[in-house]
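Okay, so here's the structure we're looking at.
It should be emphasised that the depicted structure is a prediction, and the values quoted were computed from it without experimental measurement.
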Amino acid sequence: MDLTKTAESPVPDDTYRPSEHELERQRFRRSRRRRHTWISAVCTVVALVALGAAAVASPGWERVDSLFLDGAELRAAFPELLRGFWLNIQMFLVAEVLILVLGLLIALVRVTRAPGLQPLRLAATVYVDVFRGVPTLLLVFLVGFGLPALQLQGTPSEPWVLGVIALVLSYAAYVAEVFRAGLNSVHPAQRNAARALGLNERQTLRHVVLPQAVRNVVPPLLNDFIALQKDTALVAVLGPLEALRAAQIKADYDFNYTPYLGAALLFIAVTIPLTRFADRLQRRAAQRTWAETGR
């Protein structure tokens with residue numbers, strides 16, 4: 001065998017090089033995407049201009065402009081709105097942590113099959129059925145005015161705390177069902193494999209089932225928390241000076257509704273980025289599922 005000839009022979013190049021036909025197809029796709037982007041942008045601009053022109057040409061535009069789009073009124077009310085919105089953020093963050101903990105506990109109780117936990121499973125089912133059936137605003141009224149009326153020792157008296165309790169009771173029922181769906185989405189083979197490796201039931205739940213379930217339900221959980229951020233405004237009926245209540249006081253004082261628009265813009269500034277982030281996570285989850293299963 002000629003070793004010199006073998007050492008000097010060229011190494012075959014396995015690098016993929018698209019053909020001219022494939023390059024042409026890629027150029028066509030890029031061109032089509034650019035054309036579709038331009039068409040979408042132009043159509044969107046035309047639609048917005050048409051809507052704006054129709055609004056300005058309407059008979060009541062001058063009154064709407066003075067009552068809802070007063071820039072001086074918005075600048076005067078914005079500091080108070082911002083301070084009130086900070087309370088909305090605080091309520092949202094506190095409620096979010098409590099909802100995650102309570103919702104996960106309820107979901108774990110509902111999926112367990114231990115015979116001795118049947119009373120807890122029944123209680124968890126009743127809790128979910130009841131609090132998913134009661135409107136959140138009605139629950140805020142019931143907790144905000146009913147809980148202090150009991151005059152129990154240690155009952156909180158701050159309206160925003162009572163509002164957070166109502167939001168937690170309402171949203172924990174929804175989040176518990178999201179977690180339960182995630183736990184049930186883990187294939188039984190995962191449990192069987194973990195048990196075959198010597199893990200007990202608790203270790204299997206902690207190290208195998210729960211991480212996969214949480215990964216599967218992150219996008220729908222974000223959607224629930226986007227709704228929660230908006231529903232913190234419902235606590236305004238109890239009196240705390242959050243964004244909606246601050247806008248209401250300012251509007252009632254000046255007989256101008258521009259502060260309501262300012263409060264809406266503050267909520268939009270938080271919810272739209274969260275919505276886009278949730279959409280991105282959903283796309284990534286769909287791509288990961290397609291890569292793992294091929295469908």
Side-chain angles (χ1 to χ4, degrees), residues 90-136 138-140 142-143 147 154 156 161-232 274 277-278 280-282 284-286 288-289 292-293:
Q90 290 176 305
M91 290 190 292
F92 166 70
L93 294 176
V94 173
E96 181 179 5
V97 174
L98 297 177
I99 288 169
L100 284 173
V101 174
L102 182 58
L104 181 58
L105 290 176
I106 294 172
L108 291 174
V109 169
R110 294 201 67 186
V111 300
T112 185
R113 293 294 177 263
L117 296 181
Q118 177 60 29
L120 288 180
R121 283 197 297 273
L122 179 61
T125 302
V126 172
Y127 172 87
V128 171
D129 291 343
V130 170
F131 284 98
R132 288 177 70 191
V134 179
T136 305
L138 180 56
L139 193 59
V140 170
L142 292 174
V143 173
L147 194 59
V161 176
L162 296 170
V164 167
I165 293 174
L167 293 175
V168 170
L169 291 175
S170 178
Y171 273 85
Y174 294 97
V175 170
E177 288 300 280
V178 173
F179 274 128
R180 187 166 74 97
L183 292 169
N184 290 333
S185 68
V186 179
H187 198 277
Q190 299 286 330
R191 292 177 178 268
N192 297 336
R195 298 304 299 272
L197 292 174
L199 300 180
N200 58 33
E201 187 66 29
R202 182 178 300 178
Q203 291 171 330
T204 300
L205 179 64
R206 178 183 176 185
H207 298 291
V208 177
V209 177
L210 198 56
Q212 296 183 67
V214 171
R215 187 185 68 175
N216 292 338
V217 302
V218 166
L221 281 180
L222 280 177
N223 289 328
D224 283 337
F225 289 133
I226 290 169
L228 172 65
Q229 167 61 27
K230 296 185 299 180
D231 281 350
T232 56
L274 286 176
F277 182 62
R280 181 182 177 186
L281 288 180
Q282 287 177 337
R284 290 178 59 184
R288 184 173 59 246
T289 301
E292 294 174 351
T293 63

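- For Y171 against I99, the heavy-atom pair with the smallest separation is CB-CD1, 3.4 Å.
- Looking only at atom types and distance, the side chain of Q212 has no donor-acceptor partner in the side chain of R215 under 3.5 Å away.
- The distance from the CZ atom of F92 to the CD1 atom of I226 is 8.5 Å, given to the nearest 0.5 Å.
- Considering all non-hydrogen atoms of both residues, A107 and A176 come closest at CB-O, 3.4 Å.
- Contact detail for R121 and R110: the closest heavy-atom pair is CD-O, 4.0 Å.
- For the pair V209 and Q190, the minimum side-chain heavy-atom distance is 4.5 Å or more.
- We find the CG-OH distance between L120 and Y127 to be 14.5 Å, quoted to the nearest 0.5 Å.
- For the pair L104/L210, a side-chain contact is recorded, criterion being any heavy-atom separation below 4.5 Å from C-beta on.
- The distance from atom OG1 of T136 to atom CG of L169, rounded to the nearest 0.5 Å, is 10.5 Å.
- Here the side chains of L183 and L108 are in contact, with some heavy-atom distance below 4.5 Å.
- Rounding to the nearest 0.5 Å places CG of L221 at 11.0 Å from CG of N216.
- Shown here for A124 and V109, the closest heavy-atom pair between the two residues is CB-CG1, 4.1 Å.
- Here OG1 of T232 is found 12.0 Å from CD of E96. Values are rounded to the nearest 0.5 Å.
- Annotation for F277 and L222: closest pair CD2-CD1, 3.6 Å, computed over non-hydrogen atoms.
- The two residues A166 and V140 make their nearest non-hydrogen contact at CB-CA, 3.7 Å.
- To the nearest 0.5 Å, atoms OG1 (T125) and CD1 (I106) are separated by 10.0 Å.
- The shortest side-chain heavy-atom distance between F131 and L139 falls under the 4.5 Å cut-off.
- The only option from V164, V168, V161 that meets the side chain to side chain contact (heavy atoms under 4.5 Å, CB included) definition with V94 turns out to be V164.
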